[in-house]
Each structure stands twice: as structure tokens, then as C-alpha cells.
Amino acid sequence: MAVVWWRTVIMGGGTALKLTAHIRSAADGWLDLSVEELPDLVARARNFEGIPDSVREAAARLTGDPSEEFDVEVRF
């Protein structure tokens, strides 16, 4: 239900959606990530440089939209 609302309301304009990623925890060589705009999204990255791609791929799986539709900003 939330994903349908998200697509309709936020993605309706057809422009890339900005996602704000936060590092929730770092353990065992992985960064666990959360995203403000998609609270159900689950993503992990091995390093800081991999965060944008990991978030884009997870957002694409969650929403069914192409990963190119997402612009990721990392905040601490």
C-alpha cells in the first residue's frame, strides 16, 4: 500500500526521486542503511562508496522502478 501511494504521489512528476540514506549501524564489515523517504527499504553496503548503488538497487526492487530513477544523498 505504501509503495503504491509513493509512486502515485511522489513519482508522479516523472523526475528522479531524491533518497536520503543514513548509516544505521556498521558491524561485521557491512553498513546497514535506512532511507527517510522509503522506511520499508532494507539496504547494506560494504563501504561508503557503495552506499548510493546499494540504495538505488534496493529502491528499484522495492518499487519496481528503474534504479536510474533515484538520486541518493548520504547523511550522517
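- Counting all heavy atoms, side chain and backbone alike, Ala26 lies closest to Leu31 at CB-CD2, 3.6 Å.
- The nearest pair of heavy atoms linking Val42 to Ala58 is O-CB, 3.5 Å.
- In terms of heavy-atom proximity, Asn47 sits nearest to Gly50 at OD1-N, 2.9 Å.
- Of all non-hydrogen atoms in Val35 and Leu19, the two that sit nearest each other are CG1-CB, 3.9 Å.
- Looking at every heavy atom in both residues, Ile23 comes nearest to Phe76 through CD1-CE2, 3.9 Å.
- In this structure, the side chain to side chain contact (heavy atoms under 4.5 Å, CB included) partners of Pro66, at least two apart in sequence or on a different chain, are Glu68, Glu69.
- The distance from atom CG of Asp65 to atom CG of Leu17, rounded to the nearest 0.5 Å, is 9.0 Å.
- Side chain of Ser25 to main chain of Asp32: no donor-acceptor pair is present (N/O by atom type, distance under 3.5 Å, no hydrogens or angles).
- With sequence neighbours left out, the side chain to side chain contact (heavy atoms under 4.5 Å, CB included) criterion links Ser34 to His22, Arg24.
- The backbone N or O of Ala21 sits nowhere less than 3.5 Å from a side-chain atom of Glu36 that would complete a donor-acceptor pair.
- Both Leu33 and Phe48 are members of a single hydrophobic cluster when ILVMFWY side chains are connected at heavy-atom separations under 4.5 Å.
- Ile51 contributes atom CD1, which lies 12.0 Å from atom CD of Glu73 (distance to the nearest 0.5 angstrom).
- Scanning all heavy atoms of the two residues, the minimum distance from Arg56 to Phe70 falls at CD-O, 3.3 Å.
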